[in-house]
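Data block below; observations after.
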There are 2 protein chains.
Amino acid sequence: MKSTGSLDTVGNREYGQYCGLARAAEVIGQRWTLLILRDLLVAPRRYSELVAGLPGIPTNLLATRLRELEADGLIRREARSGADRAIVYRPTARGSALIPTLDALSLWGAAELRTPRDGEIVTTAALVTGLRVAARSNVGPDPAIAFGCTVRIGEAVVHAVVENGDVLVAPGAHPEPDLQITGGAGFRDFLAGVTDPGAAAADGSIEVQGDPALLHQFVAIFQVPYSNWVPRTVPA
Amino acid sequence: MKSTGSLDTVGNREYGQYCGLARAAEVIGQRWTLLILRDLLVAPRRYSELVAGLPGIPTNLLATRLRELEADGLIRREARSGADRAIVYRPTARGSALIPTLDALSLWGAAELRTPRDGEIVTTAALVTGLRVAARSNVGPDPAIAFGCTVRIGEAVVHAVVENGDVLVAPGAHPEPDLQITGGAGFRDFLAGVTDPGAAAADGSIEVQGDPALLHQFVAIFQVPYSNWVPRTVPA
DNA sequence: CGGGATCCCCCGAGATACTG
DNA sequence: CAGTATCTCGGGGGATCCCG
């Protein structure tokens with residue numbers, strides 16, 4: 001019988017170079033690993049929650065990745081005792097040290113995003129991460145500004161709290177939002193500043209409830225411009 | 001034919017999520033891609049130079065990756081005319097925008113590095129990147145400090161110039177170095193501060209020519225501490 | 001000789017059924 | 001619920017070959 005793969009000679013994973021970048025690629029460069037870490041860094045998760053948040057991941061691969069991440073010291077497997085005998089995966093300090101790195105990757109990749117491809121969805125973890133990274137990449141908001149808002153894109157529901165010049169983004173709806181934005185594919189153009197906030201609300205590409213004046217504040221805080229990327233297929 | 005296949009399940013490279021991090025993983029998460037970009041960001045390179053700097057890369061894979069990177073707008077293929085009809089691969093602005101991201105990856109990964117594994121080598125591009133990233137991660141050097149140095153680790157030869165509070169690292173030897181450091185595996189402990197500079201020079205783990213007093217400056221500028229990573233195999 | 005393309009083999013990833 | 005077991009398939013490793 002095949003060994004459980006715990007000690008598979010990793011030849012295929014390594015690069016043979018003594019280099020920080022190569023090592024990083026070996027540890028977090030495997031397929032699905034970055035998205036698993038993204039979800040766990042939003043909040044500790046159980047196996048079934050990870051499966052739900054990562055549509056399409058093969059369950060055996062998720063199990064393998066979780067084992068690898070634990071062996072590499074990036075996450076910890078916590079078996080809770082008591083009535084709720086759930087197993088929870090939680091980032092270690094070393095895993096949390098990846099946050100600036102994942103933020104840099106997210107920010108660069110977010111500038112590549114344009115119209116969603118067929119079948120592409122927005123998960124809650126993706127939206128939390130995207131908004132948080134966008135806010136960090138811009139200058140902090142005016143400390144005088146304070147509001148709470150809920151954003152819904154497809155199935156994803158997240159909320160953000162802006163106060164004291166700081167921004168907090170987390171899963172779920174805000175209990176008493178000053179602003180609610182519900183959007184689809186047009187939300188990206190709205191965030192990029194392509195669509196004027198007022199126009200976006202008017203033409204239905206986003207739906208707004210609450211104080212419309214806050215929309216401009218929202219864009220200023222969470223804006224992510226498109227990269228000036230050029231389409232590859234140049235017309236002849 | 002493939003009965004289930006036409007469910008349009010995500011192409012092998014894609015994740016089916018509208019997410020910056022997912023996009024970044026799709027574009028630069030393929031095997032060898034990060035190291036190719038690392039080399040090209042040190043200096044534009046020709047195909048054969050890339051092959052030489054990436055030991056073990058299959059040539060067909062390199063050709064494929066270069067095509068993908070060009071299609072994704074990260075690099076440009078420049079066919080030089082004239083006597084030297086070489087083809088040179090050069091990062092675009094969009095590719096160069098990855099520098100902060102690769103730096104973050106390098107820095108995180110460098111903290112993971114311990115004793116080189118069997119067969120692991122140090123390439124020139126790896127050393128240039130490693131020293132540059134390390135210097136950026138520390139507070140800038142005192143503007144009053146100025147020196148040039150050459151560092152040799154295995155086959156890799158690079159030089160650094162420190163002046164005006166800034167640090168420049170590039171391939172090749174310095175023409176008139178104030179300091180020369182030649183090292184092997186012990187160089188990493190030296191950089192981490194595990195070995196005192198004086199002791200390292202004394203016990204032969206590194207070899208120094210030039211002003212020994214500059215060694216302390218060198219360490220202060222290029223130090224990369226180990227992460228407090230815990231070995232996975234805990235003794236019973 | 002630089003810059004690839006072609007071939008074969010195998011491992012890792014996808015899909016799904018199954019189990020403690 | 002939290003994973004294994006098992007199959008298939010495509011991408012990557014490795015060597016060789018080819019073309020201008």
Side-chain angles (χ1 to χ4, degrees), chain A residues 1-17 25-26 29-36 40 44-70 75 77-90 119, chain B residues 1-16 25-26 29-36 40 44-70 75 77-89 119:
Chain A
M1 118 188 264
K2 300 317 196 70
S3 76
T4 53
S6 52
L7 213 275
D8 272 353
T9 354
V10 258
N12 213 356
R13 188 172 144 169
E14 287 147 24
Y15 286 104
Q17 297 198 7
E26 291 166 3
Q30 309 306 308
R31 186 148 169 81
W32 288 104
T33 300
L34 280 174
L35 296 192
I36 294 169
L40 291 180
R45 292 280 176 213
R46 318 163 45 151
Y47 187 89
S48 50
E49 293 173 320
L50 288 169
V51 170
L54 300 168
I57 191 173
T59 63
N60 58 351
L61 190 57
L62 175 57
T64 301
R65 290 291 179 265
L66 289 171
R67 240 181 281 120
E68 292 168 349
L69 287 171
E70 191 186 9
I75 66 173
R77 198 168 181 275
E78 271 180 20
R80 275 199 287 211
S81 54
D84 185 4
R85 300 187 11 210
I87 295 168
V88 175
Y89 296 91
R90 182 188 305 275
Chain B
M1 323 261 296
K2 303 297 138 12
S3 46
T4 66
S6 49
L7 180 47
D8 205 308
T9 359
V10 195
N12 221 351
R13 181 173 155 176
E14 284 136 33
Y15 287 105
E26 290 167 4
Q30 310 306 308
R31 188 151 167 81
W32 286 105
T33 299
L34 280 173
L35 296 192
I36 294 169
L40 291 180
R45 292 281 176 211
R46 324 167 37 154
Y47 186 90
S48 51
E49 294 172 320
L50 288 169
V51 170
L54 299 168
I57 191 173
T59 63
N60 58 348
L61 191 56
L62 175 57
T64 301
R65 289 292 179 264
L66 289 172
R67 244 182 279 119
E68 292 169 349
L69 287 171
E70 191 186 8
I75 66 173
R77 201 167 180 275
E78 269 179 21
R80 276 198 289 207
S81 54
D84 185 5
R85 305 183 355 160
I87 295 169
V88 175
Y89 297 91

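Residue numbers begin at 1 in each chain, while the letters A, B, ... track the order of the sequences. Everything numeric in this text was worked out from a predicted model, so none of it was measured. Computation of the quantities below employed the complete heavy-atom set of this structure, encompassing side-chain atoms and omitting hydrogens, waters and symmetry-equivalent molecules.
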Is the shortest distance from a Lys or Arg side-chain nitrogen in A/R65 or A/E68 to a carboxylate oxygen in the other one below 4.0 Å? yes

Would you say A/E14's side chain and A/E26's backbone share a donor-acceptor pair under 3.5 angstrom? no

Would you mind reading off the distance between B/E14 atom CD and C/dG14 atom P, rounded to a whole angstrom? 12 Å

Whole-Å distance, A/I36 CD1 to D/dA2 P, equals 15 Å

Determine: side-chain N/O of B/R67 to OP1/OP2 of C/dA5, distance under 4.0 Å, yes or no. yes

Tell me whether the side-chain N/O atoms of B/S48 come closer than 4.0 Å to OP1 or OP2 in C/dG2. no

Under 4.0 Å between a side-chain N or O of B/Y15 and OP1 or OP2 of C/dG14? no

Whole angstroms only, please: what is the CG-C1' distance between B/L66 and C/dG2? 14 Å

From the set C/dG3, D/dA2, D/dG13, return the single nucleotide nearest to any side-chain atom of A/A86. D/dA2

Atom pair CG/CH2 of A/L54 and A/W32 - distance to nearest 0.5 Å: 6.0 Å

Does A/T59 make a side-chain N or O approach to OP1 or OP2 of D/dG3 shorter than 4.0 Å? no

Within the structure, does a side-chain N or O atom of A/R31 lie under 4.0 Å from either OP1 or OP2 of D/dG11? no

Mark yes or no: A/R77 above the aromatic ring of A/Y47, with NZ or CZ under 6.0 Å from the six-membered ring centre and no more than 45 degrees from the axis. no

Judged by nearest nucleotide, the residue sitting upstream toward the 5' end of DNA chain D, B/L61 or A/T64, is A/T64

At less than 4.0 Å, is any side-chain N or O atom of A/R65 found next to OP1 or OP2 of C/dA13? Yes or no. yes

Could you say whether A/A63 or B/N60 is positioned toward the 5' end of DNA chain D, judged by the nucleotide with the nearest heavy atom to each? A/A63

side-chain N/O A/R46 vs D/dC1 OP1/OP2, d < 4.0 Å: no

Separation of D/dG3 atom P from A/E68 atom CD, nearest Å, is 15 Å

Side chains of B/I36 and B/Y89 in contact at under 4.5 Å (non-hydrogen atoms): no

